[in-house]
There are 2 protein chains.
Amino acid sequence: MEGKQVKEDMEARLLEGGVRPTAMRLLISKFMLQQDTAVALTDIENAFAKVERTTIYRTIKTFEEKGIVHQIDDGTGIQKYALCEKGCKCDIARDLHLHFHCRNCNQTVCLTNYKLPHINLPQGYSAEDISLVVTGICKKCGL
Amino acid sequence: MEGKQVKEDMEARLLEGGVRPTAMRLLISKFMLQQDTAVALTDIENAFAKVERTTIYRTIKTFEEKGIVHQIDDGTGIQKYALCEKGCKCDIARDLHLHFHCRNCNQTVCLTNYKLPHINLPQGYSAEDISLVVTGICKKCGL
DNA sequence: TTAAGTATGCACTTCCATTGCATTGGATGA
DNA sequence: TCATCCAATGCAATGGAAGTGCATACTTAA
């Protein structure tokens, strides 16, 4: 029952984003929903051994274009992704948030409650996107 | 005369950082000093066609370890580097600054006058490094 | 001048992102 | 129901950048 609910939710969300909710896409999006950290392509690949890398790659790209996931560059050089929150428009002031990368466990999390501070820019510069990544030791590793 | 001054300055700076000021290292550091944007390995490689990639790579790594340059991850997936300012200890509150990446000209600059705002973290998390990159249109491209 | 340690050059590997093309599958209209 | 079309998926291959092992050249100090 819970599973079914989740499935329907994700399905609605994909449709809303203009993405056809294929089995593959539901699978991948549900997987991402279950994670509490940002995932790399390889993570998804490992979770679904049978699925082609390319498929995952393109699925994620589609999600990204449609605003279903956002990309995170945590400084490791490996692209990570996390589901956007509901109603997210990736608006700088309202939706973008802080990311934390733990150098010990190598995991990256979205701190969605920690929005970006206001940032001043020199005259003539215009901001379209902001990436704020704090690196250090996370709660789990810091004990 | 100016050139000589620069050379001596850089030499002093390398020595200060505990790096032997070889011809190669002076060359590379001086090149970086002249740039007003962060440079990628490839940029340096192109500037000095005769020099081995690996040498540049290791030179930069050395610089980075000794706190002479800092690495910038501007979201392009390509590592960029810029000289630290004098007296920089890469201290979060005092030295770290904002980076701006222009999606038009693809250049990344250090806005050293724009220090990082204070950032709150959830209980249990500790910050060691912060990367703040704003993407958008720079002054030159925005006209 | 020689020995030791460091820096540089060359060749090679690995990892991940990305693309082209063939194939499958699902929606749609006849 | 069947034919058709387009989107999604799978497979193979490419490309770009980071990184490493080893041989050689250079510097410094004894």
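Letters A, B, ... mirror the listed sequences (proteins, then strands); counts begin at 1.
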Report task. Round to a whole Å and report the spacing from CD of Gln79(A) to P of dC15(C). Result ->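 In whole Å, dC15(C) P lies 17 Å from Gln79(A) CD.
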Query raised in the report: Where the side chain of Met24(B) is defined as all heavy atoms beyond and including C-beta, which of dT19(C), dA17(D), dT8(C) is the nearest nucleotide?
Result: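 The answer is dT8(C).
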**Report entry** Atom-to-atom span, CD1 of Ile56(B) to C1' of dT8(C) - whole angstrom
**Finding:**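 After rounding, the gap between these two atoms is 11 Å.
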Query - Side-chain N,O (Thr22(B)) to OP1/OP2 (dC26(D)) below 4.0 Å - result: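 So the side chain of Thr22(B) is outside the cut-off, no N or O lying under 4.0 Å from OP1 or OP2 of dC26(D).
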Requested in this report: May I have the distance from Ile60(B) (atom CD1) to dA7(C) (atom P), rounded to whole angstrom?
Outcome: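 Atom CD1 in Ile60(B) sits about 15 Å away from atom P in dA7(C).
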Query - Nearest heavy atoms of Phe63(A) and Arg25(A), plus distance in Å - result: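 Of all heavy-atom pairs spanning Phe63(A) and Arg25(A), the closest is CZ-O, 3.6 Å.
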**Report entry** Lys115(A) atom NZ, neighbour heavy-atom count above 12 within 6.0 Å
**Finding:**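 Enclosed.
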Query raised in the report: Is it true that a side-chain atom of Asp43(A) and a backbone atom of Ala40(A) form a donor plus acceptor pair closer than 3.5 Å?
Result: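 Yes: the side chain of Asp43(A) pairs with the backbone of Ala40(A).
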Requested in this report: Give every residue pair that meets the side chain to side chain donor-acceptor pair (under 3.5 Å) criterion with at least one member in residues 84-97 of chain B, sequence neighbours excluded.
Outcome: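 Listed by first then second residue: His70(B)-His97(B), His97(B)-His99(B).
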Query raised in the report: dG26(C) P sits how many Å from Glu11(A) CD, rounded?
Result: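 So the two atoms are 14 Å apart, to the nearest Å.
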**Report entry** Phosphate contact (dA17(C) OP1 or OP2) by Tyr57(A) side-chain N/O below 4.0 Å
**Finding:**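 For dA17(C), neither OP1 nor OP2 has a side-chain N or O of Tyr57(A) closer than 4.0 Å.
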Query raised in the report: Taking DNA chain D as the partner, which of residues 41-54 of chain A come within under 4.0 angstrom of it by heavy atom?
Result: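 DNA chain D contact set from residues 41-54 of chain A: Val51(A), Glu52(A), Thr54(A).
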**Report entry** Rounded interatomic separation in angstrom, taking NZ from Lys66(B) and P from dT6(C)
**Finding:**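 After rounding, the gap between these two atoms is 10 Å.
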Query - Transitive ILVMFWY side-chain link Leu15(A) to Val19(A), under 4.5 Å - result: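 No; tracing contacts between hydrophobic side chains, which count when under 4.5 Å, never links both residues.
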Query raised in the report: CD of Glu65(B) versus C1' of dA7(C): gap in Å, rounded?
Result: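 Roughly 14 Å, once rounded to whole Å.
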Query raised in the report: Is any side-chain heavy atom of Ile60(A) closer than 4.5 Å to a side-chain heavy atom of Met32(A)?
Result: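 Ile60(A) vs Met32(A): side chains touch.
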Query raised in the report: Does any donor-acceptor pair link the side chain of Arg20(A) with the base of dG25(C) at a separation under 3.5 Å?
Result: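 Absent.
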Query raised in the report: How far apart are the C-alpha atoms of Glu16(A) and Arg13(A), what are their side-chain angles, what is the distance that settles it, and do they pass the salt bridge (Lys or Arg N to Asp or Glu O under 4.0 Å) test?
Result: CA-CA 5 Å; Glu16(A) 204 178 318; Arg13(A) 207 149 140 199; over 6 Å; no
Query - Lys61(B) vs dG19(D): side-chain N/O to OP1/OP2 distance below 4.0 Å - result: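 Yes.
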**Report entry** Distance, rounded to the nearest Å, where Phe63(B) contributes CZ and dT8(C) contributes C1'
**Finding:**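 Taking atom C1' of dT8(C) as the reference, CZ of Phe63(B) is at 14 Å.
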Query raised in the report: Which whole-number value in Å describes the distance from Leu27(B) CG to dC26(D) C1'?
Result: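 Distance, rounded to whole Å: 17 Å.
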Query raised in the report: Between the base of dG21(D) and the side chain of Arg58(B), is there a donor-acceptor distance below 3.5 Å?
Result: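 Yes.
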Query raised in the report: Closest to the Thr55(A) side chain: dA7(C), dT18(C), dT9(D)?
Result: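 That would be dT9(D).
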